[in-house]
Protein chains: 2
Amino acid sequence: MSGLLERLRGRGWRMTSQRRVVAEVLDGDHVHLTADEVHARAVQRLPEISRATVYNALGELVALGEVIEVSTDGRAKRYDPNAHRPHQHLVCSGCGIIRDVHPTGDPLSGLPAQERFGFEVSKVEVTYRGLCPSCA
Amino acid sequence: MSGLLERLRGRGWRMTSQRRVVAEVLDGDHVHLTADEVHARAVQRLPEISRATVYNALGELVALGEVIEVSTDGRAKRYDPNAHRPHQHLVCSGCGIIRDVHPTGDPLSGLPAQERFGFEVSKVEVTYRGLCPSCA
DNA sequence: TCTTGACTTGGATTCTGTCCATCGTAGGAT
DNA sequence: ATCCTACGATGGACAGAATCCAAGTCAAGA
């Protein structure tokens, strides 16, 4: 599963060596890296790449809808390339590990109209928290 | 509804003018202030209160379960004094305003056992996003 | 190959939050 | 009422995350 580069090219994303490396680092389904972790991995392939460029590229990938921004801990944001299948996150309160999960049903259905206060609700983010088997 | 000070005193929380002011600023059901906003309001009542003291007091109130930490935007954490009635949050993607909402049903029921990966899931945070009437 | 506007760079800056040594004080003890 | 002392407050330094900016570089179309 590696259509990311092709999709980006097809959408007119100007391809540079830096952007290619960032996209390659993220290409994989079960990764939740911080910007600095992405930068660290990018540096291994392209030693001169700067943090600002990584931040720029990540921001653009998010704007394009190819990557999802996840902030589960109030610390650094994480970047989730699994943007094509809707999912939620399960986070260990001990070690912080994150797993993608797929709840049943429509999460929007839990919010009655009188609880929407006139908002046009379009998205629901659910974070399940608990202890993973190793931390329990 | 203003039992916060009394509850804190009853739990042996050493009362100082600074802590009193922080608790008073937060005492109200529909407030979602950042630490700096709490500090700004506290300064109006007690001009010399320091940011560190506000952070300390907020951290203790969270540890006591009297205030909930909310981070809906990856920016500054917000502090929600409505800790006694379980609720979720509805956030405007335009202006960032936050409303407390009460979804129906048990949010945990949407996650089947085989999607829990052996975790002991104990808490669910739901953030509904959309446009408020003013921003739509 | 040339040209140009878009991209990259790295250092400065902002924002959020924590740490620490020192000073002050709430509240129990006398 | 006063004294003690452990706990809280202070503010400046520090740290982590992210953004900004001016100057240099380059991808890709002409």
Side-chain angles (χ1 to χ4, degrees), chain A residues 5-6 8-26 32-43 45-64 66-80 96 98, chain B residues 5-6 8-26 32-64 66-80 96:
Chain A
L5 272 296
E6 287 74 4
L8 292 169
R9 228 185 263 278
R11 297 179 67 174
W13 206 47
R14 186 166 168 178
M15 190 56 63
T16 67
S17 55
Q18 293 86 349
R19 288 175 165 193
R20 184 188 347 272
V21 165
V22 170
E24 284 170 359
V25 165
L26 281 173
H32 300 90
L33 301 173
T34 65
D36 262 0
E37 287 166 353
V38 172
H39 179 245
R41 297 194 184 193
V43 161
R45 300 172 181 228
L46 192 66
E48 289 77 26
I49 191 172
S50 75
R51 274 183 184 70
T53 297
V54 170
Y55 275 103
N56 288 342
L58 288 173
E60 288 154 11
L61 290 171
V62 169
L64 287 168
E66 293 288 350
V67 166
I68 293 170
E69 227 173 44
V70 181
S71 53
T72 52
D73 61 352
R75 315 264 316 167
K77 290 175 194 161
R78 292 180 175 274
Y79 294 88
D80 181 347
I98 302 174
Chain B
L5 272 296
E6 288 74 3
L8 292 169
R9 227 186 264 278
R11 298 178 67 174
W13 206 49
R14 186 167 168 177
M15 191 55 64
T16 67
S17 55
Q18 293 86 350
R19 287 176 167 193
R20 184 187 348 272
V21 165
V22 170
E24 284 172 0
V25 165
L26 281 174
H32 300 89
L33 301 172
T34 65
D36 265 358
E37 288 166 352
V38 171
H39 179 243
R41 297 195 183 192
V43 161
Q44 312 218 339
R45 300 172 180 228
L46 193 64
E48 296 313 315
I49 190 170
S50 75
R51 288 192 329 126
T53 297
V54 171
Y55 275 103
N56 288 341
L58 289 172
E60 288 154 12
L61 290 171
V62 170
L64 287 168
E66 293 288 350
V67 165
I68 293 171
E69 228 174 42
V70 180
S71 53
T72 53
D73 61 351
R75 318 256 324 162
K77 290 175 193 163
R78 292 178 175 275
Y79 294 87
D80 181 348

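The chains referred to below are lettered A, B, ... by the order of the sequence lines, with proteins before strands, and numbering in each begins at 1.
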Exercise. Record whether the side chain of B:Arg19 comes under 3.5 Å of the base of D:dG8 through a donor-acceptor pair of N or O atoms.
Key: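 By the distance-only test, no, there is no pair.
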Quiz item: On DNA chain C, nearest-nucleotide positions of B:Asp36 versus A:Glu48: which is more 5'?
Solution: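 Its nearest nucleotide being more 5', the pick is A:Glu48.
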Quiz prompt | Pairwise 5' ranking along DNA chain C for A:Arg51 and B:Ser17, keeping only the more 5' one | solution =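 Here A:Arg51 is the residue nearer the 5' end.
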Quiz prompt | Among B:Arg41, B:Arg45, B:Arg19, the one residue meeting side chain to side chain donor-acceptor pair (under 3.5 Å) with B:Glu24 | solution =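 Considering B:Arg41, B:Arg45, B:Arg19, a side chain to side chain donor-acceptor pair (under 3.5 Å) with B:Glu24 is found only for B:Arg45.
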Roughly, in whole Å, what's the span from [atom1] in [X] to [atom2] in [N]?
X: B:His39; N: C:dT18; atom1: NE2; atom2: P; answer: 15 Å
X: A:Tyr79; N: D:dA18; atom1: OH; atom2: C1'; answer: 8 Å
X: A:Arg78; N: D:dA17; atom1: CZ; atom2: C1'; answer: 13 Å
X: A:Leu58; N: C:dT8; atom1: CG; atom2: C1'; answer: 15 Å
X: B:Leu46; N: C:dT25; atom1: CG; atom2: P; answer: 11 Å
X: A:Glu69; N: D:dT19; atom1: CD; atom2: C1'; answer: 13 Å
X: B:Ile49; N: C:dT25; atom1: CD1; atom2: C1'; answer: 15 Å
X: A:Lys77; N: D:dG16; atom1: NZ; atom2: P; answer: 18 Å

Can you tell which of [options] lies closest to the side chain of [X]?
X: B:Thr53; options: C:dG17, D:dG11, D:dA9; answer: D:dA9
X: A:Ala52; options: D:dG11, D:dA17, C:dG11; answer: C:dG11
X: A:Tyr55; options: C:dG10, D:dT10, D:dA17; answer: D:dA17
X: A:Arg75; options: D:dA18, C:dT8, D:dG16; answer: D:dG16

Quiz item: Can you check whether B:Glu69 reaches B:Tyr79 side chain to side chain, under 4.5 Å on heavy atoms?
Solution: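 The answer is yes, as the side chains (C-beta and beyond) meet within the 4.5 Å cut-off.
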Quiz item: OP1 or OP2 of D:dC26 sitting under 4.0 Å from any side-chain N/O of A:Gln18?
Solution: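 It does not, given that no N or O in the side chain of A:Gln18 lies less than 4.0 Å from OP1 or OP2 of D:dC26.
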Self-check item: Phosphate contact (C:dT9 OP1 or OP2) by A:Ser50 side-chain N/O below 4.0 Å
Solution: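 So the side chain of A:Ser50 is within the cut-off, an N or O lying under 4.0 Å from OP1 or OP2 of C:dT9.
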Listing time: all N or O pairs from protein to nucleotides 27-30 of chain C that are below 3.5 Å?
| residue | atom | partner | partner atom | Å |
| --- | --- | --- | --- | --- |
| C:dG27 | OP1 | B:Met15 | N | 3.1 |

